[in-house]
Amino acid sequence: MSVILDVVFAFVLTYLSFLLLSLGNKKHAGITRLTSTPSPLLLIVLHSLAYLLMAISLMNCIDVWKTEIGVVVWIGLLQLASVMVSATFTYLPTLYTVACNYLLLVAFWGPRLREK
């Protein structure tokens, strides 16, 4: 696999993990089909999946660039992905909603986990 594909793969995983983390916020969850206050079970699921994706992304960067450079590249990807998620939420809320509902499948499992 080429280095460019590894960077894109690591960035997509990091971007998806920040999307999952942002859904734990009341304001971000309210714009999607989730309830305005996520349940504790939903927060645990969202955060667990986000940290799992971040760990996979970190392992991918370390595999490609070894330990020191891989961690630095991963931290750069974290910063880029966080800016991209906040820019998507601020300037393109419909794209944010589509990404959350279809890429992360919130439309399917979100209503089952919310508080009643």
Side-chain angles (χ1 to χ4, degrees):
M1 191 181 275
S2 71
V3 176
I4 294 172
L5 288 177
D6 287 328
V7 171
V8 169
F9 177 69
F11 175 75
V12 167
L13 288 179
T14 319
Y15 184 79
L16 290 176
S17 67
F18 273 106
L19 278 178
L20 286 168
L21 286 176
S22 72
L23 286 175
N25 189 347
K26 288 181 184 180
K27 184 177 181 182
H28 293 199
I31 200 171
T32 60
R33 294 181 186 169
L34 290 175
T35 179
S36 60
T37 55
S39 68
L41 176 62
L42 180 60
L43 287 177
I44 290 171
V45 169
L46 290 174
H47 289 173
S48 299
L49 287 174
Y51 295 139
L52 177 67
L53 290 177
M54 281 188 194
I56 293 170
S57 174
L58 175 62
M59 291 300 120
N60 183 37
C61 289
I62 288 175
D63 185 41
V64 173
W65 288 287
K66 306 302 176 222
T67 307
E68 294 86 9
I69 303 299
V71 171
V72 171
V73 169
W74 181 69
I75 290 173
L77 289 175
L78 285 178
Q79 294 173 356
L80 182 63
S82 66
V83 168
M84 291 295 291
V85 168
S86 63
T88 305
F89 179 74
T90 304
Y91 299 113
L92 299 168
T94 55
L95 180 64
Y96 177 84
T97 304
V98 167
C100 291
N101 286 335
Y102 297 107
L103 290 178
L104 301 176
L105 301 175
V106 172
F108 299 110
W109 54 266
R112 294 186 187 109
L113 296 175
R114 66 180 173 195
E115 286 183 335
K116 301 200 179 198

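In this text the structure is predicted, and so the values were computed from the model without any measurement.
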Practice item. For the residue pair Phe11 and Met84, establish whether any side-chain heavy-atom pair is separated by less than 4.5 Å. Key: yes
Check your understanding: Taking atom CG of Leu80 and atom CD1 of Ile75, what is their separation to the nearest 0.5 Å?
Key -> 14.0 Å
Review point. Are Leu43 and Leu19 in one and the same hydrophobic cluster, where Ile, Leu, Val, Met, Phe, Trp and Tyr link if side-chain heavy atoms are under 4.5 Å apart?
Key: no
Review point. For the atom pair OH (Tyr51) and OG (Ser17), what is the distance rounded to the nearest 0.5 Å?
Key: 9.5 Å
Review point. If you look at every heavy atom in Trp74 and Met54, which pair is closest and at what distance?
Key: NE1-O, 3.5 Å
Practice item. Taking the side chain as every heavy atom from C-beta outward, state whether Val71 and Leu58 have any atom pair closer than 4.5 Å. Key: yes
Check your understanding: Below 4.5 Å, heavy atoms only, C-beta onward: do Tyr15 and Thr88 meet side chain to side chain?
Key -> yes
Exercise for review: Group every Ile, Leu, Val, Met, Phe, Trp and Tyr by side-chain heavy-atom contacts under 4.5 Å, then state whether Leu52 and Ile44 land in the same group.
Suggested key: no
Review point. Hey, any chance Val64 and Val8 share a hydrophobic cluster, counting ILVMFWY side chains that come within less than 4.5 Å of each other, even indirectly?
Key: yes
Check your understanding: Looking only at atom types and distance, does a side-chain atom of Asp6 sit under 3.5 Å from a main-chain N or O of Asn60, one as donor and one as acceptor?
Key -> no
Review point. Residues in side-chain hydrogen bond (donor to acceptor under 3.5 Å, both in side chains) with Thr14, at least two apart?
Key: Ser57
Revision key, fill the gap. Here the gap from Leu21 atom CG to Leu16 atom CG, rounded to the nearest 0.5 Å, amounts to 11.0 Å
Review point. Counting N and O atoms only, with roles assigned by atom type, does the side chain of Ser82 sit under 3.5 Å from a partner on the main chain of Gln79, one being a donor and the other an acceptor?
Key: yes
Practice item. Check whether any side-chain heavy atom of Leu53 lies under 4.5 Å from a side-chain heavy atom of Leu20, and answer yes or no. Key: yes
**Study point:** Test item: side-chain donor near acceptor, Ser86 and Tyr91, under 3.5 Å
**Key:** no
Review point. Residues in side-chain contact (heavy atoms from CB on, under 4.5 Å) with Val73, at least two apart?
Key: Cys61, Trp65, Ile69, Leu77
